[in-house]
Engineer: 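Please find one structure pasted underneath; my questions will follow.
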Amino acid sequence: MGIFDYEVIQIDGDYAHLRNLDRPEDELKLVARALLPQEIQEGSRLHYECFEYTLVC
């Protein structure tokens with residue numbers, strides 16, 4: 001478990017590809033859209049903590 005910040009790189013149907021902003025060289029993380037805030041779009045930034053993604057304004 002940890003605290004991470006991500007950028008939504010691509011939305012692909014029911015999944016989103018996220019880039020870890022602290023480690024951009026890592027592979028993209030594939031996450032089900034059901035686990036993410038509904039209002040995300042490509043380019044959105046997310047904060048992950050305690051198994052929850054929140055949209056960063």
Side-chain angles (χ1 to χ4, degrees):
M1 186 165 89
I3 299 171
F4 304 101
D5 291 306
Y6 294 99
E7 180 182 3
V8 179
I9 300 301
Q10 180 183 6
I11 295 175
D12 186 16
D14 291 335
Y15 295 90
H17 300 268
L18 308 181
R19 173 175 288 135
N20 185 329
L21 294 176
D22 295 322
R23 300 186 66 172
E25 68 280 357
D26 285 358
E27 284 189 37
L28 297 180
K29 181 175 184 174
L30 186 64
V31 179
R33 298 246 347 246
L35 300 174
L36 303 173
Q38 188 173 17
E39 60 273 10
I40 67 161
Q41 55 188 333
E42 291 179 2
S44 294
R45 292 189 176 223
L46 301 169
H47 181 76
Y48 175 82
E49 186 173 357
C50 295
F51 302 107
E52 184 176 341
Y53 292 91
T54 53
L55 188 62
V56 177
C57 296

Engineer: Which value, rounded to the nearest 0.5 Å, describes the distance between N20 atom CG and E7 atom CD?
Structural biologist: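 Reported value, rounded in 0.5 Å steps: 11.5 Å.
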
Engineer: Are V31 and L28 joined in one hydrophobic group, where the rule is that I, L, V, M, F, W and Y side chains link up if heavy atoms are under 4.5 Å apart?
Structural biologist: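 Cluster IDs for V31 and L28 differ.
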
Engineer: Quick one: CG on L30 to CG on D14, what's the gap to the nearest 0.5 Å?
Structural biologist: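 Separation between the atoms: 10.5 Å.
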
Engineer: So which heavy atom on E42 is nearest to which on Q10, and how close?
Structural biologist: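 Between these two residues, the closest heavy atoms are OE2-CA, 3.5 Å.
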
Engineer: Would you say that more than 12 heavy atoms from the other residues, nucleotides or ligands in this model lie under 6.0 Å from the CG of D26, or not?
Structural biologist: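 Yes, enclosed.
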
Engineer: Please report the interatomic distance CG(L35) to OH(Y15), rounded to the nearest 0.5 Å.
Structural biologist: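 If we round to the nearest 0.5 Å, L35:CG and Y15:OH are 9.5 Å apart.
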
Engineer: For L55 and R45, which heavy atoms make the closest approach, and how far apart are they?
Structural biologist: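 In terms of heavy atoms, the two residues are closest at CD1-O, 3.5 Å.
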
Engineer: Group every Ile, Leu, Val, Met, Phe, Trp and Tyr by side-chain heavy-atom contacts under 4.5 Å, then state whether F51 and L18 land in the same group.
Structural biologist: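 Looking at the clustering, L18 is in the same group as F51.
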
Engineer: Should the pair Y6 and Y48 be assigned to parallel (<30°), tilted (30 to 60°) or perpendicular (>60°) ring geometry?
Structural biologist: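 Plane angle over 60°, so perpendicular.
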
Engineer: Report the distance from atom CG of L46 to atom OG1 of T54, rounding to the nearest 0.5 Å.
Structural biologist: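 The distance works out to 7.5 Å.
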
Engineer: Measure the spacing between CD1 of I9 and CZ of R19 and express it to the nearest 0.5 Å.
Structural biologist: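 One finds 4.0 Å between CD1 of I9 and CZ of R19.
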
Engineer: Shortest non-hydrogen contact from Q38 to R33?
Structural biologist: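 Closest approach of Q38 to R33, heavy atoms only: O-NH2, 4.0 Å.
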
